[in-house]
Amino acid sequence: MGNIDSTGNGLYVHVPFCTKKCSYCAFNVSHNGLHLQGDYFKALGAEVLHYLTNGPFELRGVGFDTVYFGGGTPSLVDPSLIADFLASIPLAGGAEVSIEVNPESARRELFTSYVDSGVTRVSIGVQSFDDKVLCYYGRTHDAAGAERAIELAVETEGLSVGIDLVYGSEVEDDKSWSRTVLKTASLATGISHVSAYALGIEKRTKLHYDKAKSQSEDVLAERYLMADEAFEGCGLQNYEISNWACTDGRCRHNANYWSWGDYLGVGLGAHSHFGRSRWWNDPSLKGYIAAVKTQGTGFLAGEELVDSQVEAERLMLALRIQGGLSEKELKTWVSRTESEELLGLFEIVNGRASLKPRGRLLADGVFRALSA
Ligand code: SF4
């Protein structure tokens, strides 16, 4: 592991099942494999056990500090599988356990059973409060369903509630995005976290095959700034470029990724990171289950990072989060360039540097300039 100190104790659990594929989705999902959920969860449990027994991932302390069930649609699976899985792994006291929920799965009993199993936060895939946009994304819920799901989650004692949004489709105009942003802000007394990502049209998605377009960079920038202003105005502070939260609503699991912390990823296509090592799993459902049966893990391939990769990745992530660099580190990076004006894109608070809102829009360019 060289001179890289390992930190972080996160567990990512990929749950690949979805009822149908959304038009923009490039994730590893299975829309006809739900009947294999029992076998899949057996494989997940076996894979965690294998790594804890054989490495290379090492747990520091008594258990995982954070667990994140992502997908896919984890809320589609039988909640007893989630409960049994959580009961079978070592969890640290006060662990944060998150699960992604699609609005159409939301039921009061589902949320209660999650809390009883140890889940502490849900992330609801709202995406938009405009039915026209939801239809374009191929989502299986409407805006009213999203609101109902949020209400039920917020009413569940012991659950912290976040929502996910996507902006910038060609069918969305300023009015539509403004409605989504204002509706989100109006719910901010109940929700503690919002993620908002610009639509990316990736290969092998329906939107890509349809030759769909997203909005121009300028429009995306205006939409981002509109969201930032509204969310900050209702007490949800930006802590990563695309994420806002109230003080105790930040997602510790994702914060660990952004701090270049270690995590174990289990499930098909899941990625893991420990020290300088990074590895990833077989991306097919049957291939993953078979691989765990024969070799104990879904391991497909991996790599060892060299110093220059580590430095570049740490910088890229540090630019995304609030206070990600010390003032001294920022000045050292900038002094290696001939672009002193880059400093103007940052604000310094208590010796820590963060990109200002307009600077965040240029984060990729700032990274390229600093790391050139
Ligand atoms: S619900 Fe999420 S994971 Fe499933 S197809 Fe839609 S975007 Fe992809």
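Counting starts at 1 for both ligands and their atoms, following the listed order. Computed from a prediction, not measured in an experiment: that's the story for all the values here.
- In this model, no donor atom of one side chain and acceptor atom of the other lie less than 3.5 Å apart for Glu47 and Thr297.
- Residues Tyr51 and Trp279 bring their aromatic ring centres within 6.0 Å.
- A donor atom on one side chain and an acceptor atom on the other are not found under 3.5 Å apart for Ser195 and Ser242.
- Side chains of Arg250 and Asn243: a donor-acceptor N/O pair is absent below 3.5 angstrom, by distance only.
- Of the N and O atoms on the side chains of Tyr136 and Glu172, not one donor lies less than 3.5 Å from an acceptor on the other residue.
- Within the protein, the number of N, O or S atoms lying under 2.8 Å from atom 8 (Fe) of ligand 1 is 1.
- Ring to ring, Trp260 and Phe274 are not that close: their centroids are 6.0 angstrom or more apart.
- With a heavy-atom cut-off of 4.0 Å, Lys20 touches ligand 1 through its backbone alone.
- Ranking protein heavy atoms by distance to atom 1 (S) of ligand 1, first place goes to Asn102 ND2, 3.3 Å.
- For ligand 1, the atoms sitting less than 4.0 Å from at least one non-hydrogen atom of Arg139 are 1 (S), 2 (Fe), 6 (Fe), 7 (S), numbered in the order shown with element in parentheses.
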If you look only at distance, which donor and acceptor atoms sit under 3.5 Å apart when one is on a side chain in residues 52-59 and the other is two or more places apart or in another chain?
from	atom 1	to	atom 2	distance (Å)
Thr53	OG1	Leu49	O	2.7
Asn54	ND2	His50	O	3.0
Asn54	ND2	His50	ND1	3.3

